[in-house]
S.K.: 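Would you mind keeping the following structure in view while I ask a few things?
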Amino acid sequence: MKWNKIRYPLFILSVILVILVAFNVYFSFRIHNQLSNMSSNPGRWPAGAYIYDPGIGFDFASGISAYIGDKSFYVKSHDLGYRIARTESSKSFRPGGILSLGCSFTYGDEVEAGQTFTQYLADELHLPAYNYGVCSFSYTHALIKARQLKEKGILDKLRPKYVILGCWKGLPGRSLSPFPPIASRNFKLPAAHLIKENDKISIKPPLQIGNVFDLIEMYRKEGAEMTFNKFFRIFLKAPGIYITYVKSKPFLNGKGKGRNSKSGSDIANYEIYDFYFSGIKKIFDEYDAKIIVLYMPTSPNNRPDNQITMALNKHRDLIFANGSEAVKKHDVPASDYQAVHPQTKAHRAYALEIMEEDHGSGKKQGRSLSA
């Protein structure tokens, strides 16, 4: 009688387990196909360019040196993590330079390292450049990155004189997204983002997905072929990857938390800028660095909104460089910045605007800032 009572529940449990195992096997092969495709077609960025970071979600690796996929520009990073030109040493550095934070607009996607506004400004002032822009970053990620540079002692080594914050209209929304745009079509990578609870803004850590990067690295080293070792490792990690995939779908379809949700809808752009500027100042005040906010337009009619203006009025010690005025002043064609990453002429105009605004601030002494 006892056996009859437990036989049916055991049967149901066995069926469920078989279904779960079968699904996990199916999903494991799906993951293998994606990883195999990635290893055979590494994509636009050099292999290993993006790495896992438990605090941010992802970051750009140090020590990378290779052409971008279509060979239109060179990708190289210093051992301390910032972008450098192909001919520069990845080990030597000089303190007291210009440090920039931001996304691909700051990194200089589509242009060489020497053509970015960071390097233009550094060359004009005869200072070293530390370009910490990372493609797909937000204000949230840039702030965490700055904190990490401080915690690791890198800022104590670099001791920057200038800090440039690359800004444009898309970054406030991205700062609230748990799944920002990333250069992978195969795996959507979660990242840290801003939330508001009890009228207080804070940073929510990303979902932990080091297992995805572990698998990518395994395929990069061992090739695209399926082996028992690969299948076993994928099988064990597949449930966690699947959960991340399910959680990402609402956000990627515009239905998740963000501007239209309780956690993000009541965070105004002003609050995002205020949180970001306050955090950056707290980090860099120790070095007596001038902090410059650079706004970059995405069309001829794009202007800084009143939200960033309000934040700048509160943080009057920051220097504001309006890229919308710069592209007009220096006759930059719209094709160099409209719906594309800033091109060479736009970067140069931004650098000139920064120098003009810094000179006009009355804080700079003993140097001509002519173009």
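Keep in mind that the numbers below use all heavy atoms, side chains included, and drop hydrogens, waters and symmetry copies.
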S.K.: For the CE atom of Met218 and the CZ atom of Arg233, what is their distance to the nearest 0.5 Å?
M.R.: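 Answer rounded to 0.5 Å: 5.0 Å.
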S.K.: Do Met310 and Leu165 belong to the same hydrophobic cluster, where Ile, Leu, Val, Met, Phe, Trp and Tyr are linked whenever their side-chain heavy atoms lie under 4.5 Å apart, directly or via other members?
M.R.: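 Result: no, two separate clusters.
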S.K.: Take the angle between the ring planes of His78 and Phe93 and call it parallel below 30°, perpendicular above 60°, tilted in between.
M.R.: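 The rings of His78 and Phe93 stand perpendicular, inter-plane angle above 60°.
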S.K.: Is it true that a side-chain atom of His141 and a backbone atom of Ala192 form a donor plus acceptor pair closer than 3.5 Å?
M.R.: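 At least one qualifying donor-acceptor pair exists.
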S.K.: Looking at every non-hydrogen atom in both residues, tell me the closest pair between Phe320 and Val293 and how far apart they are.
M.R.: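 Shortest heavy-atom contact: CD1-O, 3.3 Å.
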S.K.: Is the backbone of Ser89 close enough, under 3.5 Å, to the side chain of Ser92 for a donor and an acceptor to pair up by distance?
M.R.: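 Side chain of Ser92 to backbone of Ser89: no pair is present.
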S.K.: Go through the steps to decide whether Tyr139 and Tyr273 satisfy the test ring-ring contact (aromatic ring centres under 6.0 Å, His included), and finish with yes or no.
M.R.: CA-CA 8 Å; Tyr139 298 137; Tyr273 284 119; 5.4 Å; yes
S.K.: Heavy-atom count around Lys282 NZ within 6.0 Å, excluding the residue itself: above 12?
M.R.: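 No, the 6.0 Å shell around NZ holds no more than 12 heavy atoms from other groups.
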S.K.: Using modelled atom types only, decide if a donor and an acceptor are shared between the side chain of Thr116 and the backbone of Gly108 within a distance under 3.5 Å.
M.R.: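 Judged by distance alone, no pair lies under 3.5 Å.
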S.K.: With clusters defined by side-chain heavy atoms of hydrophobic residues (ILVMFWY) lying less than 4.5 Å apart, directly or transitively, does Phe277 cluster with Ile283?
M.R.: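 They do share one cluster, since a chain of ILVMFWY contacts under 4.5 Å joins Ile283 to Phe277.
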S.K.: With heavy-atom distances below 4.5 Å as the criterion, would you say the side chains of Leu101 and Phe137 are in contact?
M.R.: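 The answer is no; the side chains never approach within 4.5 Å.
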S.K.: In sequence, state the C-alpha distance, the side-chain angles, and the governing distance for Leu352 and His330, and then conclude on side chain to side chain contact (heavy atoms under 4.5 Å, CB included).
M.R.: CA-CA 9 Å; Leu352 294 174; His330 299 285; 3.4 Å; yes
S.K.: Run the side chain to side chain contact (heavy atoms under 4.5 Å, CB included) test on Tyr130 and Val163 for me, step by step, so that the C-alpha distance in whole Å, both residues' side-chain angles and the decisive distance to 0.1 Å come before the verdict.
M.R.: CA-CA 9 Å; Tyr130 323 125; Val163 176; over 6 Å; no
S.K.: At what distance, to the nearest 0.5 angstrom, does CD1 of Ile203 lie from CD1 of Ile195?
M.R.: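 One gets 10.0 Å once the value is rounded to the nearest 0.5 Å.
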S.K.: Same cluster or not: Val18 versus Val15, using hydrophobic residues (I, L, V, M, F, W, Y) connected whenever any side-chain heavy atoms lie under 4.5 Å apart?
M.R.: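 Hydrophobic grouping puts Val18 apart from Val15.
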S.K.: Ignoring hydrogens and geometry, is there a side-chain-to-backbone donor-acceptor pair from Lys169 to Asn302 under 3.5 Å?
M.R.: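 Checking the backbone N and O of Asn302 against the side chain of Lys169, no donor-acceptor pair under 3.5 Å is found.
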S.K.: Tell me whether Tyr82 shares a hydrophobic cluster with Ile154, the cluster being built from Ile, Leu, Val, Met, Phe, Trp, Tyr side chains joined at under 4.5 Å.
M.R.: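 Shared cluster, yes.
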S.K.: For Asn313, I'd like to know if atom CG has over 12 heavy atoms of other residues, nucleotides or ligands within 6.0 Å.
M.R.: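 Enclosed: over 12 neighbouring heavy atoms sit under 6.0 Å from CG of Asn313.
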S.K.: With a distance cut-off below 6.0 Å to the six-membered ring centre and an angular limit of 45° from the axis, does Arg86 pair with Tyr74 as a cation-pi contact?
M.R.: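 Yes, Arg86 and Tyr74 form such a contact.
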S.K.: Does any non-hydrogen side-chain atom of Ile292 lie less than 4.5 Å from one of Leu318?
M.R.: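 SC-SC contact between Leu318 and Ile292 ruled out.
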S.K.: Heavy atoms, side chains only, cut-off 4.5 Å: are Leu176 and Ile272 in contact?
M.R.: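 SC-SC contact between Leu176 and Ile272 confirmed.
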S.K.: Charged N to carboxylate O below 4.0 Å: is that the case for Asp70 and Arg44?
M.R.: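 Looking at Arg44 together with Asp70, the answer is no, because their closest N to O distance does not fall below 4.0 Å.
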S.K.: Would you call the rings of His347 and Phe117 parallel, tilted or perpendicular, taking 30° and 60° as the class edges?
M.R.: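 Parallel.
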S.K.: For a quick test of reading the model, state the closest non-hydrogen atom pair linking Pro46 to Tyr67 and the distance between them.
M.R.: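 That would be CG-O, 3.7 Å.
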S.K.: Is it the case that the side chain of Gln338 and the backbone of Ser299 share a donor-acceptor pair, with hydrogens and angles ignored and the cut-off at 3.5 Å?
M.R.: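 No.
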S.K.: Counting C-beta onward and ignoring hydrogens, is there a side-chain heavy-atom pair between Pro300 and Lys328 closer than 4.5 Å?
M.R.: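 Pro300 vs Lys328: side chains apart.
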S.K.: Ser90 vs Ile84, test: side chain to side chain contact (heavy atoms under 4.5 Å, CB included). Steps then yes/no.
M.R.: CA-CA 8 Å; Ser90 61; Ile84 55 176; 4.2 Å; yes
S.K.: Apply side chain to side chain contact (heavy atoms under 4.5 Å, CB included) to residues Tyr162 and Ile291 and explain how you reach the verdict.
M.R.: CA-CA 6 Å; Tyr162 291 85; Ile291 301 174; over 6 Å; no
S.K.: Using modelled atom types only, decide if a donor and an acceptor are shared between the side chain of Asp53 and the backbone of Gly55 within a distance under 3.5 Å.
M.R.: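 Yes, because the side chain of Asp53 sits within donor-acceptor range (under 3.5 Å) of the backbone of Gly55.
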S.K.: Let me know which of Tyr107, Tyr132, Tyr52 forms a ring pair (Phe, Tyr, Trp, His ring centres under 6.0 Å) with Phe60.
M.R.: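 Of the listed residues Tyr107, Tyr132, Tyr52, the ring pair (Phe, Tyr, Trp, His ring centres under 6.0 Å) partner of Phe60 is Tyr107.
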S.K.: Is it the case that one hydrophobic cluster holds both Val25 and Met226, taking links as side-chain heavy atoms less than 4.5 Å apart, direct or via other members?
M.R.: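 Yes, one cluster joins them.
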S.K.: Which heavy-atom pair separates Gly279 from Leu143 by the least distance, and what is that distance?
M.R.: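 Heavy atoms of Gly279 and Leu143 come nearest at C-CD1, 3.7 Å.
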S.K.: What pair of heavy atoms forms the shortest contact from Ala311 to Asp274, and how long is it?
M.R.: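 Heavy atoms of Ala311 and Asp274 come nearest at CB-N, 4.2 Å.
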S.K.: Report yes if the side chains of Cys103 and Val134 come closer than 4.5 Å at any heavy-atom pair, otherwise no.
M.R.: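 No; the side chains remain at least 4.5 Å from each other.
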S.K.: Quickly, which of Lys345, Met355, Met296 forms a side chain to side chain contact (heavy atoms under 4.5 Å, CB included) with Tyr350? Name it, please.
M.R.: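 Of the listed options, the one satisfying the test is Met296.
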S.K.: When you measure from the side chain of His193 to the backbone N and O of Ala191, does any donor-acceptor pair fall under 3.5 Å?
M.R.: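 It does hold such a pair.
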S.K.: Looking at Ile98 and Thr118, what are the two nearest heavy atoms and their distance?
M.R.: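 Residues Ile98 and Thr118, closest heavy atoms: O-CG2, 4.0 Å.
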S.K.: Classify the angle between the aromatic ring planes of Phe105 and Trp168 as parallel (below 30°), tilted (30 to 60°) or perpendicular (above 60°).
M.R.: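 If you compare the ring of Phe105 with that of Trp168, the planes turn out parallel.
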S.K.: Can you tell which of Arg348, Gln115, Glu110 makes a side-chain hydrogen bond (donor to acceptor under 3.5 Å, both in side chains) with Gln343?
M.R.: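 So, applying the side-chain hydrogen bond (donor to acceptor under 3.5 Å, both in side chains) to Gln343 and each of Arg348, Gln115, Glu110, only Glu110 qualifies.
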S.K.: Considering non-hydrogen atoms only, spot the tightest contact between Ala129 and Ala122 and give its length.
M.R.: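 Closest pair (atom of Ala129, atom of Ala122, distance): CB-CB, 3.7 Å.
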S.K.: Quick check: does any side chain N or O of Ser28 sit under 3.5 Å from a backbone N or O of Asn24, one acting as donor and the other as acceptor?
M.R.: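 Such a contact is found between Ser28 side chain and Asn24 backbone.
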S.K.: Measure the CG-OG distance between Asn131 and Ser100 for me, rounded to the nearest 0.5 Å.
M.R.: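 If we round to the nearest 0.5 Å, Asn131:CG and Ser100:OG are 3.5 Å apart.
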S.K.: Take a 6.0 Å sphere around NZ of Lys161 and say whether it holds more than 12 heavy atoms from other residues, nucleotides or ligands.
M.R.: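 Result for NZ/Lys161: open.
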S.K.: Can you tell me how far the CD atom of Glu357 sits from the NZ atom of Lys290, to the nearest 0.5 Å?
M.R.: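 The NZ atom of Lys290 is 12.0 Å from CD of Glu357, to the nearest 0.5 Å.
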S.K.: Say whether, by atom type as modelled, one donor and one acceptor occur between the side chain of Asp305 and the main chain of Ile308 under 3.5 angstrom.
M.R.: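 Indeed, once roles are kept as given, a pair shorter than 3.5 Å links the two residues.
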S.K.: Hey, are the side chains of Arg303 and Ser324 touching, using non-hydrogen atoms and a 4.5 Å cut-off?
M.R.: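 SC-SC contact between Arg303 and Ser324 confirmed.
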S.K.: Could you tell me whether Lys281 and Asp317 make a salt bridge, using a distance below 4.0 angstrom between a side-chain N and a carboxylate O?
M.R.: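 Yes, Lys281 and Asp317 are salt-bridged.
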S.K.: Can you classify the ring geometry of Phe23 versus Phe27 as parallel (below 30°), tilted (30 to 60°) or perpendicular (above 60°)?
M.R.: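 Parallel: the ring planes of Phe23 and Phe27 meet at under 30°.
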S.K.: For the side chain of Thr140 and the backbone of Ser175, is there at least one donor-acceptor N/O pair under 3.5 Å apart?
M.R.: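 Here the side-chain-to-backbone pair exists.
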S.K.: Quick one: does Ser65's side chain get under 4.5 Å of Val75's, heavy atoms only?
M.R.: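 No, too far: nothing below the 4.5 Å cut-off.
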S.K.: Can you tell me how far apart NE2 (His341) and OG1 (Thr106) are? Round to the nearest 0.5 Å.
M.R.: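 Between His341 NE2 and Thr106 OG1, I get 10.5 Å after rounding to 0.5 Å.
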S.K.: Between Lys237 and Leu215, is there a side-chain heavy-atom distance shorter than 4.5 Å?
M.R.: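 Side-chain contact under 4.5 Å: yes.
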S.K.: With rounding to the nearest 0.5 Å, note down the distance linking CG in Asn306 to CG in Leu312.
M.R.: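 One finds 11.5 Å between CG of Asn306 and CG of Leu312.
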S.K.: Salt-bridged, Glu88 to Lys76, with N to O below 4.0 Å?
M.R.: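 Between Lys76 and Glu88 there is no salt bridge, as every charged N stays at least 4.0 Å from the carboxylate O atoms.
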